[in-house]
Novice: 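Pasting a structure here, questions to come.
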Amino acid sequence: METYRDLPQSTYSLQTTESVRTGTWRTFRPIIDTKKCTRCYTCWKFCPDVSIELREEGDYPKVDYDHCKGCGICANECPTVAITMVREDSIC
Amino acid sequence: MIEIRFHGRGGQGAVVASELLARAAVMNRLHAAAFPFFGVERRGAPVTAFCRIDLKPIRTHSEIYFPDYVVVLDPDLVSMTNVLQGLKPDGALLINSAKESCDLQHVKWGKVATVDATSIALKYGLGSENAPIVNTAIIGAFSKICPQVPLESVIESIMKASPGDKRANAEAAKEAFETVKGVW
Amino acid sequence: MLDLMTGNAAAAKAAMLARVEVIAAYPITPQTSISEKLAEMVANGEMNAKYIKVESEHSAMAALIGASYIGARTFTATSSQGLALMHEMLFWAAGARRPVVMPVVSRALGPPWNIWTDHMDVMGERDTGWMQLFCENNQETLDLILIAYRVAEDKEIMLPAMIIEDGFILSHTFEKVDVPAIEEIDFYLHPFNPDVKVNFRKPRRYGSLVMPDWAMEFRYNNALAMEKAKKKWVEAGIAFKKAFGRDYSSLVELYRCEDADVALIISGSAAGTAKVAADRMRERGRKVGVAKLRTFRPFPTEELLRLGESVRTIGVFDRSYTFAQGGAIYGEVRNALYPLASDVKVKGYIGGLGGRDITEAEFEKMFEDLLAIARSGSMTKDVEWVALKDGSWRWF
């Protein structure tokens with residue numbers, strides 16, 4: 001791109017926000033203890049970031065660590081206290 | 001007027017370093033301004049911060065393109081970023097490094113000063129093993145190479161405005177001042 | 001007391017010094033630290049104010065209009081998208097004659113998404129009836145908020161005011177600020193005591209319907225108030241100078257314009273950079289000056305006409321664009337100088353949009369351009385976009 005004539009009318013990105021690995025922003029990460037988990041899927045419902053994955057009904061919920069920002073809402077809402085927030089061990 | 005650019009990683013305190021340095025200059029009865037590179041920041045991502053120091057009030061609000069000094073808080077950045085960009089021909093570079101300046105592979109510059117700010121920070125318990133906070137040590141070293149900011153002013157600034165253990169930060173600055181090596 | 005602080009810290013400090021009573025704010029980059037600092041001061045008792053957590057900027061202004069009707073001194077802050085969301089309520093605050101004071105941290109509106117500064121957000125609100133002032137540095141941010149309460153709450157004015165500080169360039173930059181003592185401000189600012197105040201024993205509807213046969217007269221009263229505000233800003237500025245030493249006694253600050261061949265009209269943080277460039281030009285023997293527009297509303301027509309009497313080539317730098325004739329200030333300057341149209345040449349420069357940096361070198365080029373116009377007596381272009389990537393390299 002050299003001049004204004006080379007630009008599209010407005011900006012757009014070639015990928016969706018899925019390509020942005022917001023998981024690198026975390027300070028704490030949620031760990032789900034499957035021994036305590038009852039698969040009520042409350043965490044999956046409450047996650048504001050669509051960062052808990054459920055492939056099929058009956059699966060244990062899995063955290064998508066590429067995108068989870070570590071807000072802790074899942075740990076807060078889990079009725080069996082199956083989720084703990086653990087400090088990330090490196091900053092880079 | 002002198003202009004300084006700081007290179008660090010998010011979380012290392014580059015922005016606080018620029019602020020503490022500006023305060024030190026003001027305590028030395030000079031005028032100063034400090035600002036970060038205005039953008040979205042993230043832990044671990046490269047961060048740039050700036051400082052202006054002058055005898056007269058600072059009125060300009062444009063960005064800094066040709067600094068007189070460049071301060072690098074993390075030696076890894078030297079291979080990632082062109083830290084020399086725009087540095088004035090007779091400007092000086094200060095790098096946080098345990099190596100003597102002539103051993104730094106990527107840096108070809110006349111005036112290079114080095115100080116092992118990481119070890120000093122760890123010695124005084126600043127930050128953690130993985131994430132030492134080197135900013136107060138680095139500005140202590142900086143005051144050795146820059147006459148506009150004498151050590152007493154840097155210490156005064158740290159005792160007034162440094163986050164964390166002010167005494168430990170001041171000691172780190174003093175030790176860095178005494179151990180900085182190189183050419184400036 | 002001398003301190004080093006960011007523009008946002010200065011704005012929050014001013015709210016504390018003004019003994020603001022009700023705050024309702026919603027965060028937005030680059031204003032957020034104002035709201036955070038205020039919340040902190042209210043929580044730790046440094047400020048005796050009520051902090052209402054609202055769900056949007058629109059609600060923030062609505063809440064403050066209500067609080068102002070009770071007789072409380074009100075404060076909020078916002079930027080770009082937030083200011084635009086408040087748009088409807090801005091008309092309400094001005095029409096209802098509620099003297100809310102609001103620092104606006106100027107920021108470009110998207111798309112394309114942009115968090116950096118330009119003036120298009122505040123220029124979009126210039127017809128709401130709000131007073132609008134631009135700050136060159138953090139000291140002005142602090143001082144103008146304080147002066148704004150004095151003018152806004154004057155019984156003859158009763159208009160809200162926005163104090164504009166450039167996003168990041170002022171809001172996030174540490175600069176030296178002399179902070180007055182709150183005891184001294186208590187002499188400068190008296191408690192807010194409006195004539196129209198909600199009285200629960202005599203309930204009324206406020207802002208109620210007017211028929212077309214009286215609608216114009218209400219608007220006319222607001223127009224008169226905005227006119228009167230010119231004199232009030234000068235008076236409040238003179239009083240501020242007496243108390244604190246800093247001079248805000250004019251609506252336009254003239255820098256080296258007395259014997260200038262050309263002058264550049266400009267608002268905001270870039271005015272400081274323009275002054276440095278003017279000094280450099282003067283060192284080379286070129287007679288140039290900078291006319292910094294402090295108040296955009298009320299618009300300083302009289303002061304600009306006086307400038308036009310002696311300086312016959314005037315440039316106007318805009319950090320905005322109107323999609324008509326150039327930038328906002330340019331259009332209004334040309335309008336104001338129309339009586340001198342046959343004697344004065346006015347050229348518009350547009351730059352710094354979306355946070356684009358404006359350098360001292362670029363201002364020097366603008367001055368050279370104006371001097372060439374003064375010498376030749378003719379202009380090829382009425383409006384130019386500075387440092388636009390158009391392949392011409394004219395500005396590099």
Side-chain angles (χ1 to χ4, degrees), chain B residues 1 3-6 13-42 47-67 86 135 139 149 153-154 156-163, chain C residues 2-7 9 29-30 105 107 113-117 135-140 165-178 246 253 255 266 268-280 290 292 319 351-352 354-364 387:
Chain B
M1 176 165 73
E3 297 179 317
I4 304 133
R5 185 173 69 222
F6 295 82
V15 179
V16 173
S18 69
E19 182 207 332
L20 290 174
L21 196 71
R23 280 190 192 281
V26 168
M27 281 158 175
N28 194 27
R29 283 170 309 140
L30 296 169
H31 293 270
F35 51 99
F37 175 71
F38 305 126
V40 278
E41 289 169 22
R42 210 140 307 147
V47 165
T48 322
F50 302 88
C51 185
R52 284 186 164 109
I53 299 174
D54 202 354
L55 275 165
K56 306 185 298 304
I58 294 169
R59 294 169 300 170
T60 187
H61 286 112
S62 82
E63 290 172 28
I64 291 176
Y65 296 95
F66 304 110
N135 55 4
I139 60 171
V149 217
S153 304
V154 168
E156 209 189 326
S157 167
I158 290 173
M159 294 308 286
K160 168 124 198 274
S162 167
Chain C
L2 238 75
D3 198 359
L4 192 81
M5 55 174 59
T6 61
T29 302
V105 185
R107 166 182 157 180
W113 205 242
N114 189 308
I115 57 171
W116 296 276
T117 189
C135 305
E136 181 189 325
N137 51 46
N138 296 348
Q139 183 72 66
E140 292 199 351
E165 48 155 338
D166 286 342
F168 286 114
I169 300 179
L170 294 186
S171 66
H172 286 60
T173 297
F174 286 90
E175 291 183 347
K176 232 173 166 171
V177 176
D178 188 354
R246 292 183 290 278
E253 180 199 285
Y255 182 73
I266 185 171
S269 61
T273 317
K275 287 177 186 170
V276 174
D279 283 351
R280 294 230 199 112
V290 175
K292 185 181 82 182
R319 212 158 191 162
R356 177 79 67 87
D357 193 29
I358 318 152
T359 61
E360 289 144 34
E362 281 160 12
F363 277 118
E364 285 177 68

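Note: hydrogens, waters and symmetry copies are ignored here, and every other heavy atom, side chains too, is used. Chain letters run A, B, ... following the sequence lines, proteins first, then strands; residues in each count from 1.
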Novice: Top residue by heavy-atom pair count (under 4.5 Å) with chain C, among B:A34, B:C51, B:A22?
Specialist: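 Winner by heavy-atom pair count: B:A34.
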
Novice: Rounded to the nearest 0.5 Å, how far does CD of C:E175 lie from CZ of B:R59?
Specialist: 12.5 Å

Novice: Please check if atom OH in B:Y65 has more than 12 non-hydrogen atoms from other residues, nucleotides or ligands closer than 6.0 Å.
Specialist: yes

Novice: Given B:H61, which of C:L170, C:D166, C:T173 fulfils the side chain to side chain contact (heavy atoms under 4.5 Å, CB included) condition?
Specialist: C:L170

Novice: For B:K56 and C:D279: C-alpha separation, side-chain torsions, deciding distance, then whether salt bridge (Lys or Arg N to Asp or Glu O under 4.0 Å) applies.
Specialist: CA-CA 13 Å; B:K56 306 185 298 304; C:D279 283 351; over 6 Å; no

Novice: Answer yes or no: is there a side-chain heavy-atom contact under 4.5 Å between B:R23 and C:D3?
Specialist: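 Side-chain contact under 4.5 Å: yes.
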
Novice: Provide the closest heavy-atom pair for B:V26 versus C:L4 in the form atom of the first, atom of the second, distance.
Specialist: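 For B:V26 and C:L4, the tightest heavy-atom pair comes out as CG2-CD1, 3.9 Å.
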
Novice: Can you say whether B:F50 sits under 4.5 Å from chain C via the side chain, the backbone, both, or neither, judging by heavy atoms?
Specialist: neither

Novice: Who wins among C:T273, C:T359, C:D357 for the most heavy-atom pairs under 4.5 Å with chain B?
Specialist: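 Of the candidates given, the most pairs with chain B belong to C:D357.
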
Novice: What are the two closest non-hydrogen atoms of C:I358 and B:S62, and how far apart are they?
Specialist: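 Shortest heavy-atom separation between C:I358 and B:S62 comes out as O-CB, 3.2 Å.
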
Novice: Give, for atom CD of B:E19 and atom OG1 of C:T6, the distance between the pair rounded to the nearest 0.5 Å.
Specialist: 9.0 Å

Novice: Measure the spacing between CG of B:L21 and CZ of C:F174 and express it to the nearest 0.5 Å.
Specialist: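 Output value for this atom pair is 12.5 Å.
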
Novice: Tell me, side chain or backbone of B:L30 under 4.5 Å from chain C's heavy atoms, or both, or neither?
Specialist: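 For B:L30, backbone heavy atoms alone lie under 4.5 Å from chain C.
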
